[in-house]
Colleague: 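Before anything else, here's the structure in question.
Proteins come first, then strands; the chains are lettered A, B, ... in the order of their sequence lines, and each starts at number 1.
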There are 2 protein chains.
Amino acid sequence: MESQDLRNVGLKVTLPRLKVLEILETTKQRHMSAEDVYKALLEMGEEIGLATVYRVLTQFQGAGLVSRLSIDDGHAVFELEDGTHHDHLLCVRCHQIEEFIDEVIEQRQRAIALEKGFEMTDHSLYIYGICQKCRQDKD
Amino acid sequence: MESQDLRNVGLKVTLPRLKVLEILETTKQRHMSAEDVYKALLEMGEEIGLATVYRVLTQFQGAGLVSRLSIDDGHAVFELEDGTHHDHLLCVRCHQIEEFIDEVIEQRQRAIALEKGFEMTDHSLYIYGICQKCRQDKD
DNA sequence: ATATAAATGAAAACCTTTCTCATTTACACC
DNA sequence: GGTGTAAATGAGAAAGGTTTTCATTTATAT
Ligand SMILES: [Mn+2]
Ligand SMILES: [Mn+2]
Ligand SMILES: [Zn+2]
Ligand SMILES: [Zn+2]
């Protein structure tokens, strides 16, 4: 049960938090905006305010339950944290998101930070492009 | 003279465009937000509206005179285009920006896009961290 | 059950960026 | 050098995603 997940990270067990967690765990799309989550809640019959959705997602991020991607167009999407770091490919046509891991890139990033005297705290890498399906549909 | 630079890219020579170009060429900080440029203009005694600064910077970008970076916090910064693609390291303390080029990373990105069937149109890579100076100051 | 601190909903505020529209300006032409 | 016309500008409004405010509701410790 998710109640324990919430208590484990020091959050009180409330209906909005349980429902948001449920959405994230059961929805087919792994990457969701706050608006996506909000709409999914409405469809589910839960009248939870958008402000609360934002608050809950931000708390989840702080608690390490979800991570937030900041897409170029000033739009954030959230995904359940699974412990494995990965980066993203984004289709500029259909907005589909794919994930990838590349240890060579990770390594080079660490080397560059070191070279420049930076203590790396984070990094973000997005590859933008046109996905296979969109390229077939028409170009 | 910059007038010719503007004509070369098909832009009429106007005072706002000349002054914005002058700021970008003479300021010590290579990476500037629209607000930064706007303030620099005010200090220079030029009363150019912020909307115009945004318009001019966007036109310059379209013309290939400047490039725009989208930083994580939904903030854009502009820099004079010098023809060489590069990526950025950002200090999360003092917001200093450093640049780097890494052909290994560039190559891997192309390979990943290919692997996933994406036609890459762009990519953005930011390494966040604490710069050398900020680490010395106190940690 | 009760008290208390925390969480919520609704709406307003925020912040950066873009748009609207009346006014000004650049530049081609005479 | 004037003139006409389309383009550029400034001020402010609007946009759009996100955060804040504040009165009300809720979770949890006692
Ligand atoms: Mn992901
Ligand atoms: Mn740069
Ligand atoms: Zn696509
Ligand atoms: Zn620093």
Colleague: Return the value, rounded to whole Å, for the distance between atom CD of A/E46 and atom C1' of D/dT26.
Modeller: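 The distance from CD of A/E46 to C1' of D/dT26 comes to 15 Å, rounded to the nearest Å.
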Colleague: Could you give the CD-to-P distance, from A/E47 to C/dA10, as a whole number of Å?
Modeller: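 Result: 7 Å.
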Colleague: Where do N or O atoms of nucleotides 14-21 of chain D meet protein N or O atoms at under 3.5 Å, pair by pair?
Modeller:
from, atom 1, to, atom 2, distance (Å)
D/dT18, OP1, A/A76, N, 2.9
D/dT18, OP2, A/Y54, OH, 2.2
D/dT18, O5', A/Y54, OH, 3.2
D/dT21, O4, A/R55, NH1, 3.2

Colleague: Can you give me the N/O atom pairs linking the protein to nucleotides 27-30 of chain D at distances under 3.5 Å, or say none if there are none?
Modeller:
from, atom 1, to, atom 2, distance (Å)
D/dT28, OP1, A/V13, N, 3.0

Colleague: Is the shortest heavy-atom distance from the side chain of B/D102 to the side chain of B/D87 under 4.5 Å?
Modeller: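 No - every pair of side-chain heavy atoms lies 4.5 Å or more apart.
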Colleague: According to the side-chain hydrogen bond (donor to acceptor under 3.5 Å, both in side chains) rule, which pairs have a member within residues 35-44 of chain B, sequence neighbours left out?
Modeller: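 Output for this query lists B/S33-B/D36.
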Colleague: Suppose we screen for ring pair (Phe, Tyr, Trp, His ring centres under 6.0 Å). Which residues come up paired with B/H88, at least two apart in sequence or across chains?
Modeller: B/H31, B/H86
Colleague: Got a sec? Which of residues 16-23 of chain B come in under 4.0 Å of DNA chain D, heavy atoms?
Modeller: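 Contacting residues: B/P16, B/R17.
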Colleague: Are the aromatic ring centres of B/H85 and B/H123 under 6.0 angstrom apart?
Modeller: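 Ring centres of B/H123 and B/H85 closer than 6.0 Å.
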Colleague: Expressed in angstrom and rounded to an integer, what is the separation of A/I48 atom CD1 from C/dA11 atom C1'?
Modeller: 18 Å
Colleague: Using side-chain heavy atoms (C-beta onward) and a distance below 4.5 Å, is A/M120 in contact with A/L114?
Modeller: no
Colleague: Surrounding CD of B/Q4 (heavy atoms of other residues, nucleotides or ligands, distance under 6.0 Å), is the total greater than 12?
Modeller: yes
Colleague: Is any side-chain heavy atom of A/R108 less than 4.5 Å from a side-chain heavy atom of A/I105?
Modeller: no
Colleague: Between A/Q59 and A/Q61, is any side-chain donor less than 3.5 angstrom from a side-chain acceptor?
Modeller: no
Colleague: Could you point out which residue of B/E81, B/E98, B/E79, B/E25 forms a salt bridge (Lys or Arg N to Asp or Glu O under 4.0 Å) with B/R30?
Modeller: B/E79
Colleague: Atom CG of B/L6 to atom P of D/dA8: distance rounded to whole Å?
Modeller: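 Rounded to whole Å, this separation is 11 Å.
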Colleague: Can you name the side-chain contact (heavy atoms from CB on, under 4.5 Å) partners of B/T58, sequence neighbours left out?
Modeller: B/R68
Colleague: May I have the distance from B/F60 (atom CZ) to C/dT17 (atom P), rounded to whole angstrom?
Modeller: 17 Å
Colleague: For the residue pair A/T121 and B/I130, establish whether any side-chain heavy-atom pair is separated by less than 4.5 Å.
Modeller: yes
